[in-house]
Each structure stands twice: as structure tokens, then as C-alpha cells.
Amino acid sequence: MPRRLRVRTGDPWTPNLARARRRLARGRPQDAAREYRQACRLADGRRADPLVRSALRQWLGLALLKAGRGQEALRALVQACELLGHDPGAAEQYASTLDTLGLMQRDLGQLRAAEESHRKAVDLFRRAGSREGTVRAAVNLAVAVKDQGRLTEARGLLAGIEPAARDCTDPALLGHTLLTLGLVHELLNEPAPAERLARQAAEAYRAAGDREGEAAATHNVGRLLDTGGRHREAMECFTTSLTINLEIGAELGVSDDLGAIASLFQLARQYDEARRVHERALDIQRGAGYRRAVVATLCDLGVLARDQDDLPLARHHLQEALREAETLADPHTVYQTRVLLAEISMLEEDYAQARVAYLAAAEAMGDARGALLDEADAVTYFSESRLDAPGMLVRLSLHLGDRAGALEWADAARGQELVRRLAWTALAAPPGAPATILAEEAETRRLLSAQEAGLRSGGSADAALLTAYRQNLSRLHQLENQLAELTPEYVSMRRGERLGWNGITALLTPGPSQDGPEGTEAMARLVLAEYHVTDHETYVFGVTADAPEPQVVTVDVTRAELRELAGAAGDTLARDRAGLGAHLADERLVRLLAPVAEWAEPGDVVYLVPHDSLHLLPLQAVLVEGVPLIERNPVVFVPSASVLRYCQAKRKARRASALIVAAPPEEHPLAFAREQALAVSQTLGGQEVLAAGDASRESLLARFAEPGQAPDIVHFATHGVFDREDPMRSGIELAGGRLTAADILGLRLDVDLVTLAACETGMSQSRPGDELIGLTRALLYAGAPSALVALWRVDELSTSMLFGEFYAALRAGSPKAEALRRAQLWLRDRTIADVLDYARGACLRLAGDPRALAAVRLEEARLRLAAGDYSAAASLFRDLVAGPDLNEEQRQGAEVGMLQATLVMDTGTDAGAAPDLGVPAFADPYHWAPFTLIGDWL
């Protein structure tokens, strides 16, 4: 807003100003604009101070905007800026005028121009030493950046300016900052912080007496409540906001409130009232040139017409909305409009046109994702509603008989952000590409990474940084275009492009057989089974290298059913050491895995690409033809086929060196950590073992940061933790602190395999778009072609035995998938006698560690109890309870075991039967199936 100037009684334009303000107060902006225009003529004729003439033109521009004459308003503001641009003494007023110009440009949909105006204003305010002006202009800049879909930059700007906003004397500035930050969180699909910030903004505006700001914040709270299904509370917020806006004559605010209220009428099926209110809002928005609001209202009218089965009218409204949306340079708005148009084509049964519309929507969503520089922003941005286009393209392609296209879109609907990040990781130089171009490409990527870090932290306000970033991005595209002619596959990977049918089948080229040593001429057949779960059914795609198109099976199992199954299995795992097998025998899971038996012969290597909650289940243990899938086929999991090509590209095919880390914290010891580490080291030929302080977080980070120092295999025998609140804090507990997924993301692991023999290391938070957040994605991103991880809290004894067998098979030359298959089946068949033999050997090796020894004896007591050797079990439990070496959890388990054994002996139930040591000790999948191989099978 223009600075308040002292109006002198003798100035000839004073009466015009007074009349203009009265006209505005009475809601007559057109008449007010005439008075302001006359005031400008009088001031120009008297050659008044440029500050006065500029302020008059600002007021004129604002009046013209209220009158719906947007282009004239812009011209008035541009003239106001020109009057001050060459006066060094008017820098602060010039900055304020530029900021006002930016607000007007933004309202009229000129977002790039608005960004430039606000950026110049920030620079001028900073030079003038105006903290409050800097805050105001920086927040306005963040809004312009946000409206272009560059949410990461906007968030960085706001986070950087928030402390200064809190120090300002004007609480309205804090309200403006919090309101905008809340909008960014809303767009990033984070409703809880968005609502909290909007409420705080309303309080700040109220304290400042800024009623227009209070109304805007209250409206935003209502919108978030509406999205969360709290419609009655939302209506209260919209009504409150509307009352304020009507009182102060804020027409644009009134139009927003009317549109929101109309949508609630629409939800209540009061269609006539909804249409009337929407059209009233649209008149206001069109009159003021408020184009973003026009798009939203036209979309609402299109949905309303659709709900009333008037499809031609719906298409008319939506096509007009799309024309407006495409001029705003906001990919989010374009996406939403195109999806609605595609739905109209679906209802009209024009499936070819619907496919075109969904393809365009998916392209717009790709543009939106590309503007999110921070991985966390990109991951949280996606919601199921924002993946409508790829999901519908799967169903549409199948309807049109395009199986290959359906698979391509099913694959594109998952792992999108991981693929984009993998595209920037280290890749082998392609043969035949000029070294000079590759060197310049690498340097350009390095510069872009550094500049993106600056933009994430608020550097978007720095014009030079943003210009340099855009120039380097353009240069990178030029270099990629040069390389594309020589190495198209390399460039496709660098750009993170969607894999086509030929690209997917190329990943399944036969590899060395699982039965022979490395380098053998025998070949293994590879089969890929990819799942796509919907609200109504699940599609299973089967792919082999020689297939002309994928096979597709539709299974009548819904998303809700699978989430219920995964939740029930998780509850069982949290309580017991058994019972998982019953969940995995569920006929719905059996039907989902049945097609794999048709496509893969016994011995073929099977790639499974899960979807949704299938990621949380050990699918290799589901029954196929009456036996677990792993019994007939080696199994490896991948987040998507697109991710698989990066894993294959990073394949090392060497296993000469290994590093075994055994360093659980003292407060959470693991009985078998040292035993497991020594056994693995011996199996692999006496490899290096790090323990205690030698395996601290800091020492490992330093070691892996050194080029050429990474071993071929890294094995962690320690605790793992999955943090559900912040999955990137999931990690491996070491003596010196947790090595987190965030830590690993910053490494470059030139390894062949990372094994996490720890609890919950394979658990990830499944977000829409299958953006799995946790250690697995961190390891793949850091460069490991394969990772061996656990889906739940594992048993120490069975885990130690499993990995001894796994590494023995690996060293003998088996590929990783086959080595894991053999080890899991071997463990499943071990009898109690076998395990007791192992435990006796472990007791000898752990004789000097009483706490570890007590944990081994506790396992022995449990095994004796399971075998029916009640007397021996009771004696072992009793000694352990009386001793000092168990922790509280172990002690409670020993007390329960002692009571069970004693009860059987006292009642005589089965007490006289001979112990059966031939019973399988680890038959339940809880013991043998927690570990899954992710990535490359070889």
C-alpha cells in the first residue's frame, strides 16, 4: 500500500482525495478512480514532489483494480514506479511501490512479473535498512514463488524470514508470514501444520486489528476443516470470514468465501443454491480480474454441472477454466483442471479423449514435481488424489487393450521421487561418450546441487543465485541433448524418464544361473510380477524378456482389504513370535501370488514389485501351489522397474572384501551380535570386524566418505529402529549414536551389498506414489545395488543362524537371491536339536560375556519348553531368574516360561512324555521370512 502522505489544505488535489475516499467507503471504486485520476493530473501540472505523484498513482491503481479495470491499474502502478526509480532518496518508497505492483501483477495472474517486482523490492528494502519492509516484500515474493509451484523455494524463503517477522512490532507481518507458510504446508499435503499456522495467523491479524488478514486466515482454516470432512466447523469459519469481508468491502475476500460456501451447498446436494452463489462469486472475480479465483470457481461450476448430469455445460466451464489455468504458469492448477476434464470424457465414454486428457494431466504433475527441490517436500506433496492421472491411465489402457501402456503407467505411479533422486547419483560413464562433455555434465550437476541447497534455504530472494541456477539448468539440458544422440539409455536414466515396454523387458535379460559360480555360462530366467492396487481390485502384471506384451490378471482384492491384512499381520508380529503363517495363508494373498506360478517355472528368479500395503508383507512366504513361493523360486523385491535399472547399473559383481559392524549400545546389548559378527567374518574368510568405539557413527561416516575405502559387503549386526513419525530418522543403533537414513543419503556407497541384520530395518512409511521412506531407499540412493533388510523385529538366534548359511552360499558363488532362498529354507527346516547344538557352540564362544551367555541360555530354555523337556526348561528358567544378567524384558519372559513349565509338571499334563527334539524350531515365517532382498538379484 502507498505510504500515508501529509495532505496539505492548500494542495489543489486535496478535495479530490477526500471525495475519492468517500466513494471507496461507499463501495463506488469507479467514481473513486475518476477522482484519483483528476488528482494525478493536478499534481502533474504543478510538478509536485515525485513521492506525491507516485502515491497518487498507487491509490489510482488500487481503485481501478477494485473497479475491475486490471490493465489500467497495472499501467498506473508502473508509472508510479517510474517516478521513483531514479531518485536515490526515494528508495524505500520505490520498494513499497514495487511491492504493491507485484501484488497487483499476482492478482492478475502475471506471476513471473510479480516475482521480479517483489524480488527487487526485497533488495531495495534491505539496502534501505527497513526490516519490516523486507519482511513484507519477502513474504509476498514467497507467495509469487508458491503460486508457480516452486514450493521448496517458497518454504525456504518463509523459514528464513519468520524469525524477523516475529521480531517486528507489527503483528500483521507475522500473520502474513504464518498464513503463507500454512498455505505451503497445505499444498505439500500436510494439513495438520497448515491448520495450526492458519489459526496462529488469524490470532496475529486480530492482534494487529487487520480485519482483512483475519478474514483470510479464518477462510483458510475453514478450507482445511472442509478437506478434513469437518463441514459444519468449516461453514462457521467461512461465514465468519464472509461477515468480516462484507463489513470492510473486501470484494475478493467475499468472492472466496462465497465460493467455499457454495461448495458446501453442493456437497449437501443443494445444487440450485450452490450455482447461484458460485455465479455471484464469479461475477466479482471476473470484474476484478482475479484469474486464479476464476479458475477455481469455473472448476466448481464444472463439477456442479457434472453432478447434475449436464456434461456439455460441465465441459464448457472446465475448458474455459483450463484456458485460464494455462496462462497462470501453475502446474498444480493445470493438473486439477485436466483431471476434471478427463472425468467428463470418461462419463461421455469417450475413452480415447479421456486418455489424452489424463496424459496431459500426468505431464503437468511431472512439472509440479520438478519444481520441488527438497526430497521431503516432493514426497509429502503426493496424495492419492494427486495420483488420479497415472492410476486412471492404468485402467484406461487396459480398457483400450493396451497392456504394455497399462504396465508402464502402473510403474510410473510409484517410486517417482526415488527415481528422480537416483537419476542424480553416480552412474558409470557410458562408452563412446566424449570425456569433455561428461566432465562438463558432472561439473554442472555439482553446481546445480549446491545452488539447489541455497534455494531450499531461502536463496530464492537472491536474484543472482536464481539466475545462475536457471542458466546451469539450461546448460545441463543442452549437454544431455548432445549426449542423447550417442548414449540414449544413459540420458534417459539421467532424466529419470519413465521406462517404456522395451526398457522394462530389457531389464529381464537372462543372467548367470543361481546354481553355478560367478562367471558361469549357464543362464537364469528372470520374471517380473508387478502389482497395482486400486479401491476396487488389484492388477497383477507378468513380464518376461521374450514376451510381446505383459500378461495381466485382475484379482478381486481391494486396497482396504490389503491394508486390513497388513495391519492384522503387524499386530500379530508385535505380540508374538508365531502366528504369521496363518495371515500369509489368507486366500486373498494366495490368489494374488497364484499368477506368479503360471509365469515362472521353478528355479526362475522372480522380481516382485509390490504396491501399497503389499510392501509390508513377506510375499516370498505366501503359499503358491501349496508351498511358500521362496521354495520354488529365488525372490527379490524392487520399488519399481524404473528403480531396478539403477540397481542393475550399479552392479559391482565383486565380493572380495567385507566389513562387519557389531556395536550395539551398552544399554541395549544383543547377545548374538558379537557371535554373529565373528561367524560371518569366518564364513567370508576372516574379514574385518568393527566393534565398540571403532564402529561409531562418526567413524563410519568418515570412512565411507573416503573414495575407494568402501568394502564390497557391509554387514551390520546391531539394533535397527524405524521411526514412524520421521522415517528419515530411522537407522542403525551404534555405540556412538544412531546412523540414520538421512546420514546414509549423504554417502556414496561403492559396495555390492549392505546387510542390515537388525530389527525393522526394511520397514518404510508407505506414502501415496509408493515413496517408501526409510533405510531401504536411503541405501539404494547412496549407491548400493542390493540391500538385505528386515520387515519386523527379528529373533536374534534365528537371525544369527540364517546369516551364517546365507554367507556360506554367497561365498560358494550363489547369487544373492539364491543364497537367501537357501538360507531361509535351511533355517525353516532346523529342528530343536539342531538349534540346541548351535546354542551350545555359542555358549562356548561367549563364555567371557555373562549377559550374552544368559540370553543364549534363555533361548535354550524356551527351546526345551517347546520340545516338552519341562524339567530341564524349568531348571534353566529358575537359574536365569535368580541370576543378575537378564534385563527386565528378558526376566519377565523367563518368569513366564518358568510358570508354564512348572504348571505342566504340577498338573501332570504331558509331563511324562519324552521330549521331542525333532520338532522344527523355526517353522513359522516369523523366524525365517523377515529378511527381504531389495534391488539387484545377482
Side-chain angles (χ1 to χ4, degrees), residues 107 139 143 146-147 158 165 171-271 273-285 288 290 292-301 303-304 332-333 336 383 385:
D107 281 345
V139 176
V143 175
K146 168 189 72 69
D147 287 350
L158 294 164
L173 282 179
L174 177 60
H176 193 28
T177 306
L178 296 175
L179 179 65
T180 307
L181 187 56
L183 286 168
V184 171
H185 280 287
E186 184 180 349
L187 287 168
L188 288 171
N189 197 36
E190 297 173 328
E195 182 183 342
R196 173 177 53 80
L197 288 162
R199 290 186 183 278
Q200 291 175 359
E203 292 175 6
Y205 281 126
R206 196 174 298 119
D210 185 336
R211 304 203 70 202
E212 187 172 1
E214 180 186 352
T218 303
H219 176 95
N220 283 9
V221 173
R223 191 173 60 246
L224 289 158
L225 293 171
D226 184 21
T227 302
R230 297 156 65 184
H231 304 305
R232 182 183 61 78
E233 297 170 77
M235 178 64 89
E236 291 175 359
C237 288
F238 295 142
T239 303
T240 300
S241 177
L242 177 61
T243 301
I244 296 173
N245 282 319
L246 286 171
E247 288 177 358
I248 63 176
E251 286 193 322
L252 297 182
V254 168
S255 74
D256 284 343
D257 296 326
L258 290 173
I261 291 170
S263 295
L264 289 175
F265 281 134
Q266 191 170 334
L267 188 68
R269 297 181 180 276
Q270 298 179 33
Y271 295 132
E273 185 65 12
R275 179 176 300 283
R276 183 185 66 78
V277 178
H278 274 315
E279 289 176 346
R280 180 183 169 194
L282 187 61
D283 287 341
I284 296 172
Q285 293 155 0
Y290 191 17
R292 295 180 66 83
V294 167
V295 173
T297 303
L298 285 170
C299 286
D300 287 335
L301 284 167
V303 172
L304 178 59
H332 314 95
T333 305
Q336 292 162 0
S383 63
S385 65

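Keep in mind that the numbers below use all heavy atoms, side chains included, and drop hydrogens, waters and symmetry copies.
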Checklist entry - Got a second to check how far Leu304's CG is from Gln266's CD, nearest 0.5 Å? => result 4.5 Å
Checklist entry - Could you state the interatomic distance from CD (Gln285) to CG (Asp283), rounded to the nearest 0.5 Å? => result 9.0 Å
Item to check | Test side-chain contact (heavy atoms from CB on, under 4.5 Å) applied to His219 and Leu242, Asp257, Asn245, Leu179, the passing residue | outcome: Asp257
Checklist outcome for this item: Rounded to the nearest 0.5 angstrom, the CZ-CZ distance for Arg275 and Phe265 is 14.5 Å
Next on the checklist: When you measure from the side chain of Ser255 to the backbone of Ala281, do you find a donor-acceptor pair of N or O atoms at a distance under 3.5 Å?
Outcome noted: no
Next on the checklist: Between Glu214 and Asp210, does the side-chain contact (heavy atoms from CB on, under 4.5 Å) criterion hold? Intermediate values first, please.
Outcome noted: CA-CA 6 Å; Glu214 180 186 352; Asp210 185 336; over 6 Å; no
Item to check | Matching residue for His176 among Leu178, Thr180, Leu174 - test: side-chain contact (heavy atoms from CB on, under 4.5 Å) | outcome: Thr180
Checklist entry - Are Leu225 and Cys237 close enough that some pair of their side-chain heavy atoms sits under 4.5 Å apart? => result yes
Checklist entry - Does a side-chain heavy-atom distance below 4.5 Å link Val294 with Leu298? => result yes
Checklist entry - When rounded to the nearest 0.5 angstrom, what distance separates CE in Met235 from OG1 in Thr239? => result 5.5 Å
Item to check | More than 12 heavy atoms from other groups under 6.0 Å of CZ on Arg280 | outcome: no
Checklist entry - Is the closest basic N to carboxylate O distance between Glu203 and Arg206 below 4.0 Å? => result no
Checklist entry - CD of Glu236 to CZ of Arg232: how many Å apart, nearest 0.5 Å? => result 5.0 Å
Checklist entry - Got more than 12 heavy atoms from elsewhere within 6.0 Å of CD, Glu190? => result yes
Checklist entry - Hey, what do you get for CG (Leu183) to NZ (Lys146), rounding to the nearest 0.5 Å? => result 5.0 Å
Item to check | Flag side-chain contact, heavy atom, 4.5 Å: Glu247 against Thr243 | outcome: yes
Checklist entry - So which heavy atom on Ala194 is nearest to which on Gly182, and how close? => result CB-O, 3.3 Å
Checklist entry - Are Asn220 and Arg223 side-chain neighbours, meaning at least one heavy-atom pair lies under 4.5 Å? => result yes
Item to check | Heavy-atom closest contact (Val277 atom, Leu258 atom, distance) | outcome: CG1-O, 3.1 Å
Checklist outcome for this item: Heavy-atom closest pair (Ala293 atom, Asp256 atom, distance to 0.1 Å) is CB-OD1, 4.1 Å
Checklist entry - Is Ile284 close to Tyr290 at the side-chain level, that is, under 4.5 Å between some pair of heavy atoms? => result no
Next on the checklist: Under a plain distance cut-off of 3.5 Å, with no hydrogens placed, do Tyr271 and Arg269 share a side-chain donor-acceptor pair?
Outcome noted: yes
Item to check | Atom of Pro171, atom of Ala208 and distance for their closest heavy-atom approach | outcome: CG-CB, 3.4 Å
